[in-house]
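Comments concern the structure below.
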Amino acid sequence: QVHVVESGGGLVQAGGSLRLSCTASGTIFKIGGMGWYRQAPEKERELVANITTSGSTKYVDSVKGRFTISRDAAKNMVYLQMNSLRPEDTAVYYCHAEAVSRVVDSSKETYRYVEVWGQGTLVTVSS
């Protein structure tokens with residue numbers, strides 16, 4: 001199985017910064033696109049930013065110019081640098097990854113496309 005685990009959330013004052021990290025591990029054959037989503041109380045989960053294997057990035061309009069997504073392909077990690085945080089950025093942030101898993105069983109190799117989510121890390125921005 002493939003797993004992703006986030007870290008780096010916490011409490012910060014408005015205008016401050018946080019850096020989120022996400023590590024993918026498990027039966028990984030290949031990692032594809034990775035990204036960050038967030039869900040605020042009583043709101044739907046939304047895409048914050050994602051990054052492809054070639055490094056192309058996409059951001060939701062509300063974070064453009066403040067957040068930066070990056071990845072370390074060798075470590076199967078993705079980061080989200082969040083600057084100039086606002087109270088409306090308060091949410092649980094989830095890491096998402098697309099991957100191909102490889103499982104070997106009795107000399108038989110099985111490859112499977114998977115999408116995995118982390119358990120989330122809480123970011124709270126106080127005013």
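Since the structure is predicted, the reported quantities are computational estimates derived from the model, not experimental observations.
Nearest heavy-atom pair across Leu18 and Leu85 is N-CD1, 3.8 Å. Counting all heavy atoms, side chain and backbone alike, Ser101 lies closest to Val114 at OG-CG1, 4.4 Å. Val123 approaches Gly9 most closely through the heavy-atom pair CG2-CA, 4.1 Å.
Cluster membership check: Leu20 shares its hydrophobic cluster with Val60, using side-chain heavy-atom separations under 4.5 Å among Ile, Leu, Val, Met, Phe, Trp and Tyr.
Taking the side chain as every heavy atom from C-beta outward, Thr27 and Val2 approach each other to under 4.5 Å. Looking at Ser70 and Gln81, their side chains never come closer than 4.5 Å, going by heavy atoms from C-beta outward. Side chains of Leu80 and Val48 form a contact here, defined as non-hydrogen atoms less than 4.5 Å apart. Side-chain contact check for Asn76 versus Ser25: every heavy-atom pair is 4.5 Å or farther apart. Side chains of Lys58 and Asn50 form a contact here, defined as non-hydrogen atoms less than 4.5 Å apart. Contact of the Ser17 side chain with the Met82 side chain is not registered, since no non-hydrogen atoms from C-beta on lie closer than 4.5 Å. The side-chain heavy atoms of Val78 and Ile51, taken from C-beta on, include a pair separated by under 4.5 Å.
At distances below 3.5 Å, not a single donor-acceptor pair connects side-chain atoms of Glu109 with backbone N or O atoms of Val104. Of the possible donor and acceptor atoms, none in the side chain of Gln119 sits under 3.5 Å from a partner among the backbone N and O of Val5. Looking only at distances, a side-chain donor or acceptor of Arg66 sits under 3.5 Å from a matching main-chain atom of Ser84. Proximity of a side-chain donor or acceptor of Thr124 to a complementary backbone N or O of Leu11 within less than 3.5 Å is not detected. In this structure a side-chain-to-backbone donor-acceptor pair under 3.5 Å is present from Glu6 to Cys95.
Other residues, nucleotides and ligands contribute at most 12 non-hydrogen atoms within 6.0 Å of the CD atom of Gln1.
The ring of Phe67 has its center no closer than 6.0 angstrom to the ring center of Tyr59.
Under the 30°/60° scheme for interplanar angles, the aromatic rings of His96 and Tyr37 are found to stand perpendicular.
Relative to the six-membered ring of Tyr94, Arg38 misses at least one condition, a distance below 6.0 Å or an angle of at most 45° to the axis. A cation-pi arrangement is absent between Arg71 and Tyr79 under the rule of less than 6.0 angstrom and at most 45 degrees off the ring axis.
Asp105 and Lys108 are not joined by a salt bridge, as no carboxylate oxygen comes within less than 4.0 angstrom of a charged side-chain nitrogen.
Tyr113 and Glu98 are linked by a side-chain donor-acceptor pair at a separation below 3.5 angstrom, with hydrogens and angles left out of the test.
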